[in-house]
A.B. asks: 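The structure under discussion is supplied below as structure tokens; questions concerning it will follow.
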Amino acid sequence: MISEADMTLGRDYRGIDPRGWLVSEKLDGCRAYWDGSRLWTRGGKVIEAPAWFTAGLPEGVALDGEVWACRGNLQTARLAVQHGRWARHLRLMVFDSPQAPGTWPDRMAAARKALAGARHAECVTWTTCRSRAQLRAEYFRVTQAGGEGLRLRAPAVDGYERGRTSNLLKVKSPCHLH
DNA sequence: CTCTGCGGGTCGTGCGGGTGA
DNA sequence: TCACCCGCAC
DNA sequence: GACCCGCAGAG
């Protein structure tokens, strides 16, 4: 079984120098871990996903991501994951490839390759942070568009991490962005 | 001593499903 | 039918 | 998810 202990869990951003860190949007959906044949919630429950949703997910290749509808639609994702009501516009937004070696960009490249045939899954987009000002601008851009915040990845970490780590930070409040 | 980070526990919210009056 | 309480997500 | 509290290390 897959559970929280097998997944990367982040911490809160508290104002460290973000230059060089990798930035992506923090999506408000339901965490979903593909173990190569089934999807799991962070609580260790199997997600009963319809065939059209899992079609194209790579057999035997693990993926870490989020079942996501669109900004502000956490409820739509919850109805699917918890109650089996799958809206057609739901997607698996992938943000890691646990078995792939290398740094996060390496693993995202591997995930992108593995998802070549998937119609309802895609990799999240990301950029490299150049300055605090850029991070702040990105934060306000995303939140004003209805997004939850940002995720920061430490650039030099090799391999997928399990459990709590300070190499994955969430930016959910503007108060540390100065 | 104080401040900070970290782990663990608990609580709050929203929803649906099951049960009994 | 409705009011609870529980389960499970964040 | 948020919040709180106790513990340990750094300053």
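Proteins come first, then strands; the chains are lettered A, B, ... in the order of their sequence lines, and each starts at number 1.
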A.B. asks: State, without any angle test, whether A:W68 and A:N73 hold a side-chain donor-acceptor pair at a distance under 3.5 Å.
C.D. replies: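 Absent: no donor and acceptor within the cut-off.
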A.B. asks: Measuring to OP1 and OP2 of B:dG7, would you say a side-chain N or O of A:R11 lies under 4.0 angstrom away?
C.D. replies: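 Yes, within the criterion.
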A.B. asks: Take A:L79 and A:S166, find for each the nucleotide of DNA chain B with the closest heavy atom, and name the residue whose nucleotide sits nearer the 5' end.
C.D. replies: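 Of the two residues, A:S166 wins.
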A.B. asks: From the list B:dC6, C:dC10, B:dG17, which nucleotide is the closest neighbour of the side chain of A:R42?
C.D. replies: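 The closest nucleotide is C:dC10.
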A.B. asks: Compare side-chain N and O positions of A:K45 against OP1 and OP2 of C:dC8 and report whether any pair is under 4.0 Å apart.
C.D. replies: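 Yes.
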A.B. asks: As a test of reading the structure: which of D:dG1, C:dC10, B:dG17 is closest to the side chain of A:R164, going by heavy atoms?
C.D. replies: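 Among D:dG1, C:dC10, B:dG17, the one nearest the side chain of A:R164 is D:dG1.
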A.B. asks: Quick one: A:E148 CD to D:dG1 P, roughly how many Å, whole number?
C.D. replies: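 Atom CD in A:E148 sits about 8 Å away from atom P in D:dG1.
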A.B. asks: Round to a whole Å and report the spacing from CG of A:N73 to C1' of B:dC15.
C.D. replies: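 Checked: the CG to C1' distance equals 15 Å.
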A.B. asks: Can you tell me, in whole Å, how much space there is between the P of B:dG14 and that of D:dC3?
C.D. replies: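 To the nearest whole Å, 15 Å.
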A.B. asks: Starting from C1' on D:dA2, measure out to CG on A:D12 and report it in whole angstrom.
C.D. replies: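 My rounded result for the distance is 10 Å.
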A.B. asks: Using whole Å, what does the distance between atom P of nucleotide C:dC10 and atom CD of A:E66 come to?
C.D. replies: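 In whole Å, C:dC10 P and A:E66 CD are 7 Å from each other.
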A.B. asks: So which nucleotide from B:dC15, C:dC8, D:dA2 ends up closest to the side chain of A:K172?
C.D. replies: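 So the side chain of A:K172 is nearest to D:dA2.
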A.B. asks: Rounding to an integer number of angstrom, what distance separates B:dG12 and D:dC5 when you compare their P atoms?
C.D. replies: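 Each nucleotide's P atom is 14 Å from the other's.
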A.B. asks: Between A:H176 (NE2) and B:dT4 (C1'), how many Å, whole number?
C.D. replies: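 Nearest whole value for this atom pair: 12 Å.
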A.B. asks: Output yes when a side-chain donor or acceptor of A:Q134 lies under 3.5 Å from a complementary backbone atom of A:R130, and no otherwise.
C.D. replies: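 Confirmed, A:Q134 side chain pairs with A:R130 backbone.
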A.B. asks: If I take atom CD1 in residue A:I16 and atom P in nucleotide B:dG5, what distance separates them, rounded to the nearest angstrom?
C.D. replies: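 Distance check: A:I16 CD1 to B:dG5 P gives 11 Å.
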A.B. asks: Do NZ/NE/NH1/NH2 and the carboxylate oxygens of A:E148 and A:R71 come within less than 4.0 Å?
C.D. replies: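 No, A:E148 and A:R71 are not salt-bridged.
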A.B. asks: So, are A:R31 and A:D64 salt-bridged, with charged N and O less than 4.0 Å apart?
C.D. replies: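 Yes, A:R31 and A:D64 are salt-bridged.
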A.B. asks: Tell me the interatomic distance from A:L74, atom CG, to C:dC8, atom P, rounded to whole angstroms.
C.D. replies: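 Value for this atom pair: 17 Å.
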A.B. asks: Where each residue is assigned the nucleotide of DNA chain B containing its nearest heavy atom, which of A:R14 and A:Q82 is assigned the position nearer the 5′ end?
C.D. replies: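 First, find each residue's nearest nucleotide; the 5'-ward one identifies A:R14.
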A.B. asks: Please pick, from B:dG17, B:dC15, C:dC10, the nucleotide with the shortest atom-to-atom distance to any side-chain atom of A:Q75.
C.D. replies: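 Per side-chain heavy atoms of A:Q75, the pick is B:dC15.
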A.B. asks: With a distance cut-off below 6.0 Å to the six-membered ring centre and an angular limit of 45° from the axis, does A:R151 pair with A:W126 as a cation-pi contact?
C.D. replies: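 That pair does not qualify as a cation-pi contact.
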A.B. asks: Please report, rounded to the nearest Å, how far the P atom of B:dG7 is from the CD atom of A:E4.
C.D. replies: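 So the CD-P distance, A:E4 to B:dG7, works out to 13 Å.
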A.B. asks: Is the phosphate of D:dG1, meaning OP1 or OP2, less than 4.0 Å from a side-chain N or O of A:K26?
C.D. replies: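 Yes, such a contact exists.
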A.B. asks: So which nucleotide from B:dG17, D:dA2, C:dC10 ends up closest to the side chain of A:R31?
C.D. replies: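 Taking heavy atoms from C-beta onward, the closest nucleotide is C:dC10.
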